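Notes follow once the structure below has been shown.
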Amino acid sequence: MKTTDVIVVGAGPVGLMLAGELRLGGADVTVYDRLPAPTEESRALGFNRRTAESLDQRGLLPRLGAFRWGPMGHFGGVRFDLGLLDEDHSGVLGLSQTRTEQALDAWLAELGVPVRRGHEVSALRETADAVVVSLAGPDGHREETARYVVGCDGAGSTVRALAGIPTVDWEPTRGMYTAEITGVAPRPRPIGERLPGGRMVVCTPLGEGRCRVVVHDPDLPARPRPGALTFGEVADAWRRLTGESIHDARCLWLWASGNSSALAQEYRRGRVLLAGDAAHEIPPLAAWGLSAGLQDAVNLGWKLAATVRGRAPEGLLDTYHGERHPVGRQLIRNARAAAKLYLGDEAMDPVREVVGELLTHKDAAEQVAGVVSGLGIRYDLAKGDHPLLGRRMPPETTVTLADGVRVRVAELLRTGRGLLLTAADADEAVARAADGHADRVDVVTGDWNSAPHAPLDAVLVRPDGYVAWTSPGTADDLADALDRWFGGRVPQSAGR
Ligand SMILES: Cc1cc2nc3c(=O)[nH]c(=O)nc-3n(C[C@H](O)[C@H](O)[C@H](O)COP(=O)(O)OP(=O)(O)OC[C@H]3O[C@@H](n4cnc5c(N)ncnc54)[C@H](O)[C@@H]3O)c2cc1C
């Protein structure tokens, strides 16, 4: 039986993104999903700045069609002024998750990645050098073998359970109803209207006469029975809280949810890894799930591809858990805090006021905006003191090449390889240090401006866009950084 490099379980946004990243990195990958066709539920209506940047790095933004940039300038309903900040933290709005998934699907088709729908994973068996995956599909049961399996199979992940990976769970304490409707247009309340007693209603217009209504009420069931909700119950709850009737609307889809959260204790166990909602179930109110999951995919893809190609340095794959697990934990904590602010009753008002005052200070606003936008992430990638070390290389940074052509860093990362940027007047030995990594790292010489930070002669950027080494500002030398992130050198003739 043929062994695939990687089987990705789940063709949601995270599985699709991961599969593309793996393919870019040279891995053989197949995606399986239990649904016979993509879902038409719009779910996430956008994503944060960092996720948009990650898609830009792969040239995917223009494929998404029309959307708008807008401020994601609130934390648990407490607004703050994004204009205080030096960088643009606005995110993508007005883009349904269905469209994001369609764009990723089309990308995979171009990359030649098979997405096999109607196949449900029911068992996993790990052998010495592979994982055997049992699938139930249109032609009955069969087994496929892969060197690694990644569970991108969403909340309540089957892969997580089959691999025996435990979770830390936060039990649900209250419920919410969501419905997408057409034919009736309630007054818009896009960031929510708080009502007495810890109740809230949200109405987000979606264009073409559709809108999303959400009802938060402590009286709703915290553990709803799957599939039991009717639109009549949503409309009754809406009228109870707003006095408006939406009973005559046509309901396109509806959803009942509790506010539970869960965090996998290990993002990797042996040859099984987890990403997206399978790794972290963030309470739904924060609306951070899609962004967090796509960031997992971009962090994991190049590392796992290097591993299956035999080029990964020792320990590279484990940096996935090391980097992303703390982010997942922090997002859940922050989402729970935001939910308390958002949905707490009047007793929370003084806390809201204090938080609001704090957020008029630039440092506090920057900290919170960094969580919401994803721009605040700093991985521990090397010892050093340059502020960009461990942070994302601003993708809008323009590099002027020797022939005068100007190119953005985002465009230089399209290949999915690492990037060594060297200044035109930098020591030539710096560019030559990457000779043995020519198949994994592109060397680009030009001029760029790293303001407001100290100027740089050279910077090493990982395929996910994060800065692994700077000159000056990093204690390690470049050769060590290249080996640490990209593995040993190979003679140039054996390059790509
Ligand atoms: C109503 C609603 C509104 C939301 N709004 C937002 C928002 O505004 N912003 C935001 O960021 N997030 C939002 N989310 C959350 C967001 O949709 C999720 O975080 C995101 O879908 C997670 O992507 P994923 O790929 O990890 O998992 P999923 O999208 O859940 O995909 C998992 C896939 O795995 C497949 N699968 C499951 N089990 C198996 C199996 N055994 N074998 C094969 N396939 C399997 C499923 O069929 C599914 O296609 C919302 C969610 C809902 C429901």
Side-chain angles (χ1 to χ4, degrees), residues 7-19 30-48 50-52 72 91-98 100-101 104-105 115-124 133-137 144 149-163 176-180 190-192 202 204 206 212-215 224 226 229 234 252-258 261-262 264 274-297 300 328 331-332 335 372-374:
I7 285 179
V8 171
V9 183
V14 178
L16 296 173
M17 186 77 203
L18 175 66
T30 305
V31 184
Y32 290 98
D33 198 289
R34 67 180 170 201
L35 296 179
T39 163
E40 308 225 317
E41 297 172 355
S42 58
R43 293 171 293 156
L45 300 177
F47 40 76
N48 69 13
R50 182 60 198 144
T51 303
M72 292 176 149
V92 164
L93 304 176
L95 179 73
S96 77
Q97 188 172 320
T98 339
T100 305
E101 290 176 19
L104 292 172
D105 240 334
V115 179
R116 304 203 194 291
R117 299 182 188 274
H119 296 266
E120 178 160 13
V121 170
S122 54
L124 296 179
V133 178
S134 303
L135 294 149
E144 294 288 340
V149 169
V150 190
C152 299
D153 52 341
S157 164
T158 302
V159 170
R160 189 174 76 199
L162 292 171
M176 64 187 255
Y177 291 165
T178 301
E180 198 166 308
I191 78 154
V202 186
T204 313
L206 303 176
R212 162 120 23 121
V213 291
V214 185
V215 179
L229 181 68
V234 181
L252 303 171
W253 62 274
L254 76 174
W255 185 57
S257 159
S261 34
L274 302 173
D277 280 11
H280 41 71
E281 296 170 24
I282 302 172
L285 180 61
W288 294 340
L290 175 62
S291 300
L294 290 180
Q295 291 305 300
D296 292 341
L300 175 59
L331 283 174
I332 289 175
V372 178
S373 67

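Worth knowing before you read on, the calculation uses all heavy atoms, side chains too, and leaves out hydrogens, waters and symmetry mates. Both ligands and their constituent atoms are indexed starting at 1 by order of listing. Everything numeric here is computed off the predicted structure, so don't read it as measured data.
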field: F47 side, atom CZ; Q97 side, atom CD - distance, nearest 0.5 Å
entry: 10.5 Å
- prompt: When you measure from the side chain of D277 to the backbone N and O of G154, does any donor-acceptor pair fall under 3.5 Å?
  reply: no
Find all protein N or O atoms under 3.5 angstrom from an N or O atom of ligand 1 and list the pairs with distances, or write 'none'.
residue  : atom   : partner : partner atom : Å
ligand 1 : 9 (N)  : A287    : O            : 3.1
ligand 1 : 11 (O) : A287    : O            : 3.1
ligand 1 : 11 (O) : G289    : N            : 3.2
ligand 1 : 11 (O) : L290    : N            : 2.8
ligand 1 : 17 (O) : Q97     : OE1          : 2.7
ligand 1 : 19 (O) : D277    : OD1          : 2.9
ligand 1 : 19 (O) : D277    : OD2          : 3.2
ligand 1 : 19 (O) : L290    : N            : 3.4
ligand 1 : 21 (O) : Q97     : NE2          : 2.8
ligand 1 : 25 (O) : P13     : N            : 3.4
ligand 1 : 25 (O) : V14     : N            : 3.1
ligand 1 : 26 (O) : D277    : N            : 3.0
ligand 1 : 29 (O) : R43     : NH1          : 3.2
ligand 1 : 38 (N) : R34     : NH1          : 3.4
ligand 1 : 41 (N) : V121    : O            : 3.2
ligand 1 : 42 (N) : V121    : N            : 3.0
ligand 1 : 44 (N) : R34     : N            : 3.0
ligand 1 : 47 (O) : D33     : OD1          : 2.8
ligand 1 : 49 (O) : D33     : OD1          : 3.4
ligand 1 : 49 (O) : D33     : OD2          : 2.6

query: Does R160 come within less than 4.0 Å of E281, counting only side-chain N to carboxylate O?
result: yes
Carboxylate-amine/guanidinium contact E180 R43, below 4.0 Å: no
field: R212 vs T178, side chain to side chain donor-acceptor pair (under 3.5 Å): CA-CA, chis, key distance, verdict
entry: CA-CA 7 Å; R212 162 120 23 121; T178 301; over 6 Å; no
message: Quick check: do T204 and L45 have side-chain heavy atoms less than 4.5 Å from each other?
response: yes
